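Okay, so here's the structure we're looking at.
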Amino acid sequence: MRKLETARITEAVRELVIEAACELEPDILEGLVRARDREESPLARDLLELLLVNADIASRERMPVCQDTGISVFFIEIGRDLKIEGDPEAAIQEGVGLGYREGYLRMSVCDPLTRKNTGSNIPAVIHTVPVAGDGLRILYLPKGCGSENMSSLRMLPPSAGPAGIVDFVCETVYAAGSNPCPPLVIGVGVGGTFEKAALLAKRSLFRPLGQPNPRSDAAELEKTILERLNREGQGVEGMGGSNTALAVHLEVFPTHIASLPVAVNIQCHAHRHKELVL
Ligand code: SF4
């Protein structure tokens, strides 16, 4: 059985946190370039160009892409044949605290009732899944809450069907307006239970930008929603144009015969997501 020390996890997460804050992934940069090149509104095109310039400066000068450096969200896949010496979640929390402090990233995490800042940006939200093999895969997303706050979940009646799903997702995005800093990435979770739908929506944000769901009916829904949003939506930063969203990622899971949960997790253009394998 392969062994892994928690010190390695802490150090890797520390670096990951700083890197993610300052550097957008190629799929997001390419998505913004494609949006700029197809945009017909001069104002929206200029705004998209500014977002690209901002991302370039952040990367070159090792500065955060956005002042909201987010609350840290992790999906951790731990191989069943991997023996971790110690507590992997504690190691991740320590790495987050170090990364935010040493990277001079804004501390945004507070107690929900007293609103007192924890002063370290921890605790991070960690979802751990056991998988086959002896590896450790860490998926990381610092989630800004201008976009997180615009997310929504509804328990639709099964009779709402695919049309009801499309309507609910689009209504959620229309209601959000410019608050989540479009152009957006829309994560949608359909099925399961109340909490499963929300997790599906969050997890879908880690998919490479615009990669369709392998299920053709789910991919068709992604396409329908994206086209409608970009035809009728508010556009870049709510200033019009045809790029309200860069992509829609929709995940499905079997549900109860009496239920149709749909969760919409909105992500902004500063879609900072990173992945590493130890
Ligand atoms: S929604 Fe995104 S781009 Fe807007 S302030 Fe928050 S992190 Fe920054």
Side-chain angles (χ1 to χ4, degrees), residues 17 20-25 27-29 31-32 35-36 43-44 46-55 57-59 63-74 96 99-100 103-112 115 117-118 121-125 140-154 168-189 198-199 201-206 209 225-226 229-230 233-241 243-249 263-274:
V17 159
C22 304
E23 189 117 43
L24 293 181
E25 288 289 277
D27 63 333
I28 307 306
L29 292 169
L32 289 168
R36 179 200 61 193
L43 176 57
D46 285 353
L47 288 168
L48 286 162
E49 180 61 26
L50 281 176
L51 295 181
L52 286 162
V53 169
N54 177 67
I57 293 171
S59 170
M63 293 174 72
V65 173
C66 180
Q67 45 77 33
D68 182 355
T69 47
I71 179 168
S72 296
V73 179
F74 289 87
V96 171
Y100 272 78
Y104 301 102
L105 308 179
R106 193 184 82 182
M107 307 292 188
S108 304
V109 174
C110 70
D111 182 276
R115 309 307 297 180
N117 198 301
T118 65
N121 223 61
I122 58 175
V125 177
Y140 174 57
L141 184 148
K143 192 71 177 70
C145 281
S147 53
E148 188 76 353
N149 289 351
M150 297 295 114
S151 303
S152 191
L153 191 149
R154 190 173 293 169
F168 172 57
V169 177
C170 291
E171 277 166 26
T172 302
V173 177
Y174 297 154
S178 62
N179 290 306
C181 303
L184 309 170
V185 182
I186 314 291
V188 184
L199 269 174
K202 180 75 80 197
R203 184 66 176 75
S204 78
L205 294 176
F206 289 91
L209 189 76
I225 295 167
L226 183 64
L229 288 175
N230 284 341
Q234 295 92 340
V236 179
E237 302 289 1
M239 298 288 188
N243 283 289
T244 299
L246 297 175
V248 175
H249 297 168
V264 184
N265 195 195
I266 297 183
Q267 174 66 311
C268 60
H269 69 264
H271 180 23
R272 297 149 289 183
H273 68 97
K274 294 275 178 199

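What you see is a predicted model; the values in this text were computed from it and never measured. Only heavy atoms go into these numbers, but all of them, side chains included; no hydrogens, no water, no symmetry mates. One-based numbering along the sequence shown.
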Any donor and acceptor pair, going by atom type alone, linking the side chain of [X] with main-chain N or O of [Y] inside 3.5 Å?
{"X": "Asn265", "Y": "Gly187", "value": "no"}
{"X": "His269", "Y": "Cys181", "value": "yes"}
{"X": "Ser204", "Y": "His249", "value": "yes"}
{"X": "Asn149", "Y": "Cys145", "value": "yes"}
{"X": "Asn121", "Y": "Gly99", "value": "no"}

On a heavy-atom basis, which atom in [X] and which in [Y] lie closest, and how many Å separate them?
{"X": "Gly144", "Y": "Arg272", "value": "N-NH2, 4.0 Å"}
{"X": "Ile186", "Y": "Leu229", "value": "CG1-CD1, 4.1 Å"}
{"X": "Ser59", "Y": "Glu23", "value": "OG-OE2, 2.8 Å"}
{"X": "Asn230", "Y": "Ala245", "value": "OD1-N, 2.9 Å"}
{"X": "Gly177", "Y": "Pro182", "value": "O-CG, 3.8 Å"}
{"X": "Cys22", "Y": "Pro64", "value": "SG-N, 4.0 Å"}

Could you measure the distance from the [atom1] atom of [X] to the [atom2] atom of [Y]? Nearest 0.5 Å is fine.
{"X": "Asn54", "Y": "Cys66", "atom1": "CG", "atom2": "SG", "answer": "8.0 Å"}
{"X": "Ser178", "Y": "Met239", "atom1": "OG", "atom2": "CE", "answer": "7.5 Å"}
{"X": "Leu47", "Y": "Arg36", "atom1": "CG", "atom2": "CZ", "answer": "13.0 Å"}
{"X": "Ile266", "Y": "Glu148", "atom1": "CD1", "atom2": "CD", "answer": "9.5 Å"}
{"X": "Leu52", "Y": "Leu32", "atom1": "CG", "atom2": "CG", "answer": "5.0 Å"}

May I ask you to check whether [X] and [Y] show a side-chain donor-acceptor distance below 3.5 Å?
{"X": "Asp27", "Y": "His273", "value": "yes"}
{"X": "Thr244", "Y": "Gln234", "value": "no"}
{"X": "Tyr100", "Y": "Thr69", "value": "no"}

[Y] side chain reached by [X] side chain, heavy atoms, under 4.5 Å:
{"X": "Ile71", "Y": "Pro142", "result": "no"}
{"X": "Leu246", "Y": "Leu184", "result": "no"}
{"X": "Pro183", "Y": "Leu51", "result": "yes"}
{"X": "His271", "Y": "Leu24", "result": "no"}
{"X": "Asp68", "Y": "Ser108", "result": "yes"}
{"X": "Ile122", "Y": "Val109", "result": "no"}
{"X": "Thr172", "Y": "Met150", "result": "no"}
{"X": "Arg154", "Y": "Val264", "result": "no"}

Are more than 12 heavy atoms from other residues, nucleotides or ligands located less than 6.0 Å from atom OH of Tyr104? no
Applying side chain to side chain contact (heavy atoms under 4.5 Å, CB included), run through Phe74 and Val125 and close with a yes or a no. CA-CA 6 Å; Phe74 289 87; Val125 177; over 6 Å; no
